[in-house]
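Notes follow once the structure below has been shown.
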Amino acid sequence: MNINSEKNSNGARKLLKPYNSAETEDRIYKLWEESGFFAPEAHPPWTDNPNKDKTFSMVLPPPNVTGVLHMGHALTIAIEDIMVRFHRMRGYKTLWIPGTDHAAIATQSRVETEIYKKEGKRRQDLGREELLRRIEEFAKQSHDTIVNQTKKMGASLDWSREAFTLDEKRSLAVRTAFKKMYDQGLIYRGQRVINWDPKGQTTISDDEIVYEERKTKFYTFRYSKDFPISIATTRPETKLGDTAVAVNPNDQRYKKYIGQEYDVDFVGVKLHIKIIADQSVDPEFGTGALGVTPAHSVIDSEIAQRHNLPMIQVINEYARMMVPNPLLKDKKVSEAREIIVETLRKEGLLEKEEEIIHNIALAERTGGVVEPLPKLQWFVNVNKPIKERKNKTLKDLMREPVENSEIEIIPDHFKKTYFHWIDNLRDWCISRQIWYGHRLPVYYCKQAGISNFQFPISKQNQKLKIKNFPPEADPPSAEKLECQPIISIEPIKKCPDCGNELEQDPDTLDTWFSSALWTFSTLGYPEKTKDLETFHPTSVLETGYEILFFWVARMIMMSGFFLGEIPFRTVYLHGTIRDSKGKKMSKSLGNAIDPLDMTAKYGTDAVRMSLVVGTAPGTDSKVDENKIKAYRHFANKIWNISRFVLLQKNAEHTRNDEIILTEEDKTLLDEFSSLAKDITKDIEEFRFYLAGEKIYHYVWHRFADIILEESKGIFAKGSAAEQNSRKWALFKILEDSLKILHPFMPFVTEEIWQLMGKTNLLMVEKWPEQAR
RNA sequence: GCGCUCUUAGCUCAGUUGGUUAGAGCGUUCCCCUCACACGGGAAAGGCCGCAGGUUCGAAUCCUACAGAGCGCACCA
């Protein structure tokens, strides 16, 4: 049954008007999927011996299993499917791998929120096992939705190779990777000041912070009356953890104090402050003297490390105070701030109070105010020379292939952003205190106790010791313990040293750790598979520029380390799709327009075309329903052009050598051929926005408006030879136009192709122009 | 503070390495339901391509300064 056409009295098919996308698309997708041509093993009928060197491979950036597809995904699919269909039609062995991302923090916090809303329960009430069960259930559902939506977009993905960042194969890849990096000293556990998200109750990496400008008070004050130097801060409550005041070594005002130590009583808390000199202090800023808070500032902790200062934690994981002063103990930081300022004011210690605009750090996923805290966490060392990689560091491995253009980034100016990011990169904190995700493959002997290991043991790690209120014993070092922790790819239960039970580290890995392996974990790593050999490095990585650091950089890093090769040759970065007000429309924000609503209304082809045409790489774009509508009109135009051409009898089956073309028709075919060449080059060089516009313009304003109109005259008055020539030319141009349009608008073109009575799928027809 | 991008028709945006009358979609005006298509056809209006210099035979396109918008990173004592 096909409501797009009917058989007339002669038995010939007649295309009905207008084109009905809703009726067509699912049927056509099924046809493609069942043909097997989404997989690289099935090559087009016209290439009986696909050249092994001519492969085209790509991974789909795995959507998060947090919900539904948004316009950004639709754009990704549209652009990537254009590339994939184009290469398939040119005879490349073409592979495009689908998958989904478990998106640890995003997914867990989403499910937790839902459970809390419905049942009033928190994660602790459910327990690890039950919460994970609930999350997995949600993820499964979400996954199915996403897969269906992806298919609706017409994506010619090889579903037989579908992967999930948290499935068994990918988990093995992650554990293997972790161990290998640990063994090479690239992963370590250390006590450092990290970004703590009090709302999500987990650490986050530097890249997961977003900054927001807010008005804040900037206070200048002294710790006590007898302290000689004033300091300034926006966060007086952290000053309870000060252990030094740093000044610039060349600052004449403070030179005489350097090296002195003071005991002060600051708002009822006893502090021991040393005056130190450090180059990093800007004498122009504030009072030129900096109160050093090693426990609650990354910068200060680095100063503390240089000067061997003690670290005192005064704020806990719930962003509440942990100091002996009963007025402050357990107070929220904001409350503590007011109390402290009030006290300073009363005692005449507050010297200045001014309003400034200042960036506060928020956790990207939860919106919680990030609290720098000292914590024992796992890190990836980005500065350690790697022996088996010619003593290059992970930073080098990220930088070099882009620097020497082994990897091309489009648009090219993102290279600078990329290098800038690498220059400022610190060690990557990879452990998370959430339950959903890859649990660290680290096992501790229960007898030895789990919580205090820092390893590998180094002098640097030993130096930083926390002193808490109330003071606790110094953490034992792993050296002193008899049973060493074990990193193991396969789960183990008994301690090989003492035979006692082992306990697995409760933390999970940053989602991006598993995503970073994606180009090769999807191809079978750590196994040395044929896929890995054939399709890696992948040809292109197409994604949004906002995850250049999160994902692209880390894939380059991991691929460089584990395989010694680049993960992809070209990075194509698309812009962010915004709503009509120019606001970001994306994953967690909830203002996303469902692309499926648009495809239902206007057809997938129209949505794809509207997302691609006129959208330059790296540039944001707004969703405009009118534009989508316009391309629905275009789909219908193609439909009607086909109706007209198909009405011309006796031409369809005429062969090339049986026809004598008029000079005029030869010119028309030449013109088309040169356009095809042009468009081919545009697609090869990633100018999809231009290629789409060119074919659009030709088909409508040249082929339909001029050539077809002119043909009407020929069919009315021309000689039989002229008519035959023209009919043949029209068929030729129509067929080749359908081929060129196919990557952009796969459904309507395939539908017409099928209604023309073709035996093969348009999807695997030969591209009209083999340029070069 | 360091760096990046943008500023083109009323609106949203293209313009590939500098080259003839600067393009698309929507919108606007007029005419036409002409035998593929009104999800259509024909015609038209509308742009000193942010501002000021410079390079060039020639610049929306390259260089410099300025103005406005946005973004990234860092800082935020």
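Order of the sequence lines sets the chain letters (A, B, ...), proteins ahead of strands, with each chain counted from 1. Keep in mind that this is a model prediction, so the values were computed, not measured.
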Q | Presence of donor-acceptor pair under 3.5 Å, side chain of A:Gln648 and base of B:A36 | A |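 Side chain to base: no pair present.
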Strictly below 4.0 Å: does [X] bring a side-chain N or O up to OP1 or OP2 of [N]?
{"X": "A:Tyr631", "N": "B:A24", "answer": "no"}
{"X": "A:His701", "N": "B:G40", "answer": "no"}
{"X": "A:Lys416", "N": "B:C4", "answer": "yes"}
{"X": "A:Tyr545", "N": "B:C4", "answer": "no"}
{"X": "A:His420", "N": "B:C4", "answer": "no"}
{"X": "A:Trp700", "N": "B:C39", "answer": "no"}

Can you tell me the distance, in whole Å, between the [atom1] atom of [X] and the [atom2] atom of [N]?
{"X": "A:Asn640", "N": "B:C39", "atom1": "CG", "atom2": "P", "answer": "11 Å"}
{"X": "A:Arg643", "N": "B:A38", "atom1": "CZ", "atom2": "C1'", "answer": "13 Å"}
{"X": "A:Glu546", "N": "B:U5", "atom1": "CD", "atom2": "C1'", "answer": "15 Å"}
{"X": "A:Asp282", "N": "B:G1", "atom1": "CG", "atom2": "P", "answer": "13 Å"}
{"X": "A:Lys622", "N": "B:C6", "atom1": "NZ", "atom2": "C1'", "answer": "12 Å"}
{"X": "A:Trp421", "N": "B:C4", "atom1": "CH2", "atom2": "C1'", "answer": "17 Å"}
{"X": "A:Asn424", "N": "B:A74", "atom1": "CG", "atom2": "C1'", "answer": "6 Å"}
{"X": "A:Asp300", "N": "B:C75", "atom1": "CG", "atom2": "C1'", "answer": "12 Å"}

Q.
Students often mix this up, so state it plainly: with edges at 30° and 60°, are the rings of A:Phe550 and A:Trp512 parallel, tilted or perpendicular?
A.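 Aromatic pair A:Phe550/A:Trp512 classed parallel.
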When we call it a touch if two heavy atoms are under 4.0 Å apart, what does [X] touch: a base, just sugar-phosphate, or nothing?
{"X": "A:Phe634", "value": "nothing"}
{"X": "A:Glu709", "value": "base"}
{"X": "A:Tyr602", "value": "nothing"}
{"X": "A:Arg426", "value": "sugar-phosphate"}
{"X": "A:Asn626", "value": "sugar-phosphate"}
{"X": "A:Thr619", "value": "sugar-phosphate"}
{"X": "A:Val281", "value": "base"}
{"X": "A:Ile360", "value": "nothing"}
{"X": "A:Ala704", "value": "base"}
{"X": "A:Asp423", "value": "nothing"}

Please report the distance separating the [atom1] of [N] from the corresponding atom of [M], rounded so that it comes out in whole Å.
{"N": "B:C35", "M": "B:C13", "atom1": "P", "value": "39 Å"}
{"N": "B:C62", "M": "B:A44", "atom1": "C1'", "value": "36 Å"}
{"N": "B:C6", "M": "B:C75", "atom1": "P", "value": "28 Å"}
{"N": "B:C57", "M": "B:G70", "atom1": "C1'", "value": "38 Å"}
{"N": "B:C4", "M": "B:C48", "atom1": "C1'", "value": "29 Å"}
{"N": "B:A22", "M": "B:A60", "atom1": "C1'", "value": "8 Å"}
{"N": "B:G10", "M": "B:U29", "atom1": "P", "value": "16 Å"}
{"N": "B:U8", "M": "B:U55", "atom1": "P", "value": "27 Å"}

For [Y], does its backbone N or O pair with a side-chain atom of [X] as donor and acceptor, under 3.5 Å?
{"X": "A:Ser297", "Y": "A:Asp300", "value": "yes"}
{"X": "A:Asn640", "Y": "A:Arg643", "value": "no"}
{"X": "A:Asp620", "Y": "A:Thr576", "value": "yes"}
{"X": "A:Thr293", "Y": "A:Lys239", "value": "no"}

Q: Could you pick out which residue, A:Lys712 or A:Ile628, lies toward the 5' side of RNA chain B when each is mapped onto its nearest nucleotide?
A: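 Comparing both residues, the 5'-ward one is A:Ile628.
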Q) A:Phe414 or A:Lys627: which one's nearest nucleotide on RNA chain B is closer to the 5' end? A)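 It is A:Phe414, whose closest nucleotide lies nearer the 5' terminus.
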Q | Sub-6.0 Å ring centroid separation between A:Phe414 and A:Tyr545 | A |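 Aromatic pair counts; centres sit under 6.0 Å.
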Q) For RNA chain B, which consecutive runs of 3 or more Watson-Crick or G-U pairs (each distance under 3.5 Å) count as stems? A)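 Correct response: B:1-7 with B:67-73, B:10-13 with B:23-26, B:28-32 with B:40-44, B:52-54 with B:62-64.
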Q | A:Val267 and its side-chain contact (heavy atoms from CB on, under 4.5 Å) partner, picked from A:Leu349, A:Val341, A:Thr343 | A |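 Among A:Leu349, A:Val341, A:Thr343, the one that satisfies the side-chain contact (heavy atoms from CB on, under 4.5 Å) with A:Val267 is A:Thr343.
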(Q) Side chains of A:Glu351 and A:Thr220: any donor to acceptor distance under 3.5 Å? (A)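 Absent: no donor and acceptor within the cut-off.
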**Q.** Test item: side-chain donor near acceptor, A:Glu213 and A:His358, under 3.5 Å
**A.**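 Absent: no donor and acceptor within the cut-off.
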Pair up each side-chain donor or acceptor in residues 690-700 of chain A with any protein partner under 3.5 Å, not counting sequence neighbours, and list the distances.
residue, atom, partner, partner atom, Å
A:Lys694, NZ, A:Asp678, OD2, 3.2
A:Lys694, NZ, A:Asp682, OD2, 2.6

